[in-house]
Amino acid sequence: MKEFMHVGVPTTVAREGEIYAEGIKTHLITPDTNEFHIEYLRFEKDTPLPEELQTLVHVAYHVAYKVDDLDKQLAENKVIVEPWMADEHTRIAFIMKDGILFELMEEVK
C-alpha cells in the first residue's frame, strides 16, 4: 500500500517556521503545517544530499508516499538516497522511477 504524503518544493527564501535538519543541512517547512501538504526545502551549499535530489527537485519537485515496506520498494527501484532515520519514528529514502523522484517514508514502531 502507498499513501500520499506531500510534494517537496525547493526554495531559496527563508520562511517563518522553518526547522533545520542538521544531518542533511537543509532548512524545511514540514508538510503538516499547511493545507496542501507542501514541504518547502532550502538546501545549504554543503548539503550531503546527492545532486539528483537537489537539481531534479528544482525541475520536477518530488512526490512523497508512506509505504508499508520500505526495503521492498528499495529492492525494486533505483535508490537515489539510501534510507535514514528522519526522526525516531520515520525512516526515509529516495528512489527514481520512470524519471520521477519519489520520497518513500516508512513508520518505524
**Request:** For the residue pair Trp84 and Phe94, categorise the inter-ring angle as parallel (less than 30°), tilted (30 to 60°) or perpendicular (more than 60°).
**Result:** parallel
Quiz item: Any donor and acceptor pair, going by atom type alone, linking the side chain of Thr26 with main-chain N or O of Ile24 inside 3.5 Å?
Solution: yes
How are the rings of Tyr65 and Phe102 set relative to one another: parallel (under 30°), tilted (30 to 60°) or perpendicular (over 60°)?
tilted
Rounded to the nearest 0.5 Å, the CE atom of Met105 sits from the CD1 atom of Ile92 at a distance of 4.5 Å
- Do Val67 and Val108 share a hydrophobic cluster (ILVMFWY, side-chain heavy atoms under 4.5 Å, transitive)? no
### Side chains of Leu104 and Ile95 in contact at under 4.5 Å (non-hydrogen atoms)
yes
Taking every heavy atom of Ala93 against every heavy atom of Leu74, the minimum-distance pair comes out as CB-CD2, 3.7 Å
So salt bridge (Lys or Arg N to Asp or Glu O under 4.0 Å) across residues 1-22, not counting sequence neighbours, yields Glu18-Arg42
Heavy-atom nearest pair, Pro48 first then Gly23, reads CG-O, 3.4 Å
- Carefully, step by step, assess Val63 and Phe4 under the rule side chain to side chain contact (heavy atoms under 4.5 Å, CB included). CA-CA 8 Å; Val63 179; Phe4 175 78; 3.9 Å; yes
Thr33 side-chain N/O to Thr30 backbone N/O, donor-acceptor pair under 3.5 Å
yes
| task | With side chain to side chain contact (heavy atoms under 4.5 Å, CB included) as the test, would you mind laying out the steps for Leu49 and Phe43 before giving the verdict? | result | CA-CA 9 Å; Leu49 294 175; Phe43 301 105; 3.7 Å; yes
I'd like to know if the side chain of Glu106 and the backbone of Leu70 have a donor-acceptor N/O pair within less than 3.5 Å. yes
Q) Within a strict 4.5 Å, meaning less than it, do heavy atoms of the His6 and Glu103 side chains meet? A) yes
Do Glu39 and His62 have side chains that approach each other closer than 4.5 Å (heavy atoms only, starting at C-beta)? yes
query = Transitively linked via ILVMFWY side-chain contacts under 4.5 Å: Ile19 with Leu41?
reply = yes
One should read off an interatomic distance between Thr12 OG1 and His27 NE2, to the nearest 0.5 angstrom, of 12.0 Å
dist Leu101:CG -> Met96:CE (nearest 0.5 Å) comes out at 5.0 Å
Practice item. Check whether any side-chain heavy atom of Arg91 sits under 4.5 Å from a side-chain heavy atom of Glu107, and report yes or no. Key: no
Nearest heavy-atom approach of Met85 to His89 is CE-N, 4.4 Å
